[in-house]
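Below is one structure, written out as structure tokens; comments come after it.
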Amino acid sequence: MNNAFALVDCNNFYCSCERAFNAALHNKPVLVLSNNDGCVVARSNEARALGIRMGQPAFECRELIEQHAIQVFSSNYSLYADMSDRVMKTLATFTSRLEVYSIDEAFLDVSHVGAEHLLDYGRQIRETVWQCTGIPVSVGLATTKTLSKIATEVVKQNPPSQGVLNLTHYSEAELDELLDSIALKDVWGIGPRYTNRLQASRNIFTAKNLKDADEHWIRKRFSVMVQRTVLELRGIACIPLETEPKPKKGIMTAKSFGRPVESLAELEEAVATYTARAVEKLRNQESAACCISVFLTTNPFQHDAPQYANSLSRMLPFPTSFTPDFLNVALDLVRSMYQPGFRYKKAGVCISKIVSQEVLQADLFGDYSLEREYKKARLMAMVDFINRWWGQNTIFFGAQGIGQEWKMRQERRSPRFTTQWGEILVVRT
DNA sequence: TCTGGGGTCCTAGGACCC
DNA sequence: TCTGGGGTCCTAGGACCC
């Protein structure tokens with residue numbers, strides 16, 4: 001049986017989540033901003049048509065926003081994560097061979113569907129997701145992941161396709177013609193650096209050119225990754241479906257502040273908050289870790305202000321997932337990096353050397369008390385339980401502070417319709 | 001005034017060992 | 001006129017993704 005993949009990609013996902021709960025937003029230009037209301041991370045087709053770019057700083061769009069009454073939202077991650085979960089659960093009803101690739105995309109193995117039914121199958125996926133979640137999706141069907149990526153890109157530019165495109169029955173000539181219309185930079189796995197190098201060295205400008213390139217030369221001058229992309233464009237599947245999410249090897253929590261921060265006390269609060277969050281993520285994936293790094297930076301865009309950036313890491317004696325153990329080290333690190341007289345803009349925490357909690361128990365020795373570690377684990381489990389049940393930060397560590405005036409701005413966040421009872425949608429008749 | 005926050009994998013080169 | 005060679009492990013940096 002031939003391989004067949006479906007890539008299901010939510011259209012303008014964050015904007016669509018906002019629209020799903022606010023009918024007044026339909027057919028209007030909508031923007032969603034990054035943390036701190038910094039730059040554009042999602043835009044509706046109407047906003048795109050007005051010339052607003054992905055990643056553009058929000059302050060640059062101010063005039064357009066006013067002129068065209070664009071609806072602007074701060075990121076509402078609780079809402080998007082929950083909506084994503086609903087979409088993925090819906091997709092899981094179509095196949096058990098599902099790879100959740102990102103918050104708004106999933107690959108499905110659809111090899112079990114007969115070639116003549118594939119297009120219908122894609123349409124059915126699209127309609128079901130729309131009915132169950134109110135999120136519009138595009139579906140690309142092809143023999144490799146890379147080609148299915150291209151199919152969804154084409155779908156989005158091409159309204160008559162009605163959201164589904166099946167490349168599996170294309171003849172070689174038809175496929176070549178399509179690939180020749182795809183710019184190199186739009187191929188999955190080819191970023192700006194590779195685009196420049198490929199253009200400059202071998203006149204490779206389109207997906208078709210890359211498909212025809214000498215695979216061995218590519219391997220030598222670039223990497224196996226690019227070689228795989230070449231093969232995938234030729235219809236040879238080399239990037240497998242990954243149905244099991246792998247535990248993360250590094251966990252980072254980093255955020256810029258709502259305003260510049262100058263005092264050590266506030267930096268300590270921020271670093272403690274990010275540390276607590278990172279270790280919580282660590283426990284969620286049932287891991288432990290023994291390395292933490294902390295970094296601080298001033299605002300790199302403020303060219304005339306004095307700049308400072310530093311990062312330090314330290315090992316813990318053995319892997320743990322006990323927040324206070326990490327807090328002690330993190331606070332120590334931030335104190336030794338802190339230099340007065342700077343306006344700090346961002347801080348972050350990164351946890352690495354991650355191992356599974358199960359492995360941990362097997363090879364412990366030395367200054368280690370199983371009983372003590374067991375008590376710590378019980379305490380953390382209780383904290384997590386309370387915060388899951390009553391909402392994030394119902395209980396937290398004193399070092400995180402209570403004012404948190406440095407916190408990021410989210411001036412236009414919509415209600416967390418699906419995850420907070422107090423913010424549930426009210427329908428008035 | 002205002003410019004995001006996560007992740008992944010690969011490769012080259014150095015340290016170290018025998 | 002001359003100073004081994006091969007293997008492994010680790011890390012930093014570079015590239016990519018959403």
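Chain letters run A, B, ... following the sequence lines, proteins first and then strands; every chain starts at 1. Side chains included, hydrogens not; waters and symmetry mates left out as well; all remaining heavy atoms used.
- Look at A:Lys149 and A:Glu232 and you find no salt bridge, because none of the NZ, NE, NH1 or NH2 atoms lies under 4.0 Å from a carboxylate O.
- Using modelled atom types and a 3.5 Å distance limit, the side chains of A:Asp37 and A:Ser74 yield a donor-acceptor pair.
- In terms of phosphate contacts, A:Lys281 brings a side-chain nitrogen or oxygen within less than 4.0 Å of OP1 or OP2 of B:dG6.
- Cation-pi geometry between A:Arg202 and A:Trp217 is met: the NZ or CZ atom falls under 6.0 Å from the ring centre, inside 45° of the normal.
- No hydrogens or angles considered: a donor-acceptor pair under 3.5 Å links the side chains of A:Thr273 and A:Gln404.
- Salt-bridge annotation for A:Asp212 and A:Lys208: present, with a side-chain N of the basic residue lying under 4.0 Å from a carboxylate O of the acidic one.
- With rounding to whole Å, A:Met54 atom CE is found 13 Å from B:dG4 atom P.
- What separates CG of A:Asp37 from P of B:dT3 is a distance of 10 Å, to the nearest Å.
- The side-chain heavy atoms of A:Gln285 and A:Lys248, taken from C-beta on, include a pair separated by under 4.5 Å.
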> Reading nucleotides 7-18 of chain C 5' to 3', which nucleotides get B (base under 4.0 Å from a protein heavy atom), which S (sugar-phosphate only), which -?
Replying inline: ----S---SSSS
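- The pair A:Asp109-A:Arg97 meets the salt-bridge criterion, with a side-chain N (NZ, NE, NH1 or NH2) lying under 4.0 Å from an Asp/Glu carboxylate O.
- Annotation: proximity of residues 211-227 of chain A to DNA chain B (heavy atom, distance under 4.0 Å) is found for A:Arg219, A:Ser223, A:Val224, A:Met225, numbered in ascending order.
- Place A:Met408 and A:Arg343 on DNA chain B by their nearest nucleotides, and A:Arg343 ends up nearer the 5' end.
- Nucleotide B:dG6 holds its P atom 14 Å from the CD1 atom of A:Ile354, rounded to whole Å.
- Using a 4.0 Å cut-off between charged nitrogen and carboxylate oxygen, A:Lys281 and A:Glu286 do not count as a salt-bridge pair.
- At a threshold of 4.0 angstrom between heavy atoms, the contacts of A:Asn35 are confined to the sugar-phosphate backbone, with no base atom among them.
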> In dot-bracket form, how is DNA chain B paired, counting a Watson-Crick or G-U wobble pair only if both its distances are under 3.5 Å and using | for bases paired to another strand?
Replying inline: ....||||||||||||||
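- Here the P atom of nucleotide B:dT3 and the CD atom of A:Glu60 are 11 Å apart, to the nearest Å.
- Remark: the separation of the C1' atoms in C:dG4 and B:dC16 is 15 Å, to the nearest Å.
- Contacts classified as side-chain hydrogen bond (donor to acceptor under 3.5 Å, both in side chains) and involving residues 151-166 of chain A (residues at least two apart or in different chains) are given here: A:Asp9-A:Lys156, A:Asn166-A:Thr168.
- Between C:dT3 and B:dC17, the two P atoms lie 24 Å apart (nearest whole Å).
- Remark: A:Lys211 engages A:Asp176 in a salt bridge, criterion side-chain N to carboxylate O under 4.0 Å.
- Put simply, CG on A:Leu282 is 16 Å from C1' on B:dG6, counting in whole angstrom units.
- A:Glu215 pairs in a side-chain contact (heavy atoms from CB on, under 4.5 Å) with only one of the listed residues (A:Arg228, A:Arg234, A:Lys220), which is A:Arg234.
- Between A:Trp188 and A:Phe107, the distance from one ring center to the other falls under 6.0 angstrom.
- Using a 4.5 Å heavy-atom cutoff, the side chains of A:Phe94 and A:Leu108 are in contact.
- One N or O donor and one acceptor, one from the side chain of A:Arg62 and one from the base of B:dT1, sit under 3.5 Å apart.
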>> Between A:Tyr14 and A:Tyr77, does the side-chain hydrogen bond (donor to acceptor under 3.5 Å, both in side chains) criterion hold? Intermediate values first, please.
In response: CA-CA 9 Å; A:Tyr14 298 167; A:Tyr77 263 90; 3.0 Å; yes
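- The side-chain contact (heavy atoms from CB on, under 4.5 Å) test with A:Asn12 singles out one residue from A:Asn45, A:Leu31, A:Ile135, and that residue is A:Asn45.
- Taking a 4.0 Å limit (strictly below) on heavy-atom distances, residues 247-263 of chain A does not reach DNA chain C anywhere.
- Residue A:Gln302 is classed as a sugar-phosphate contact, given heavy-atom separations below 4.0 Å to backbone atoms only.
- Taking the six-membered ring for Trp and thresholds of 30 and 60 degrees, A:Phe417 and A:Phe21 have nearly parallel ring planes, at less than 30 degrees apart.
- If you measure from atom CZ of A:Phe59 to atom C1' of B:dC2, you get 6 Å, rounded to the nearest angstrom.
- Following rounding to the nearest Å, A:Glu411 (CD) and B:dT1 (P) show an atom-to-atom distance of 16 Å.
- A:Arg413 forms no cation-pi arrangement with A:Phe73, by the criterion of a distance under 6.0 Å to the ring centre and an angle within 45° of the ring axis.
- The interatomic distance linking A:Leu31 (CG) with B:dT3 (P) rounds to 17 Å, in whole Å.
- Taken residue by residue, residues 80-91 of chain A places no heavy atom nearer than 4.0 Å to DNA chain B.
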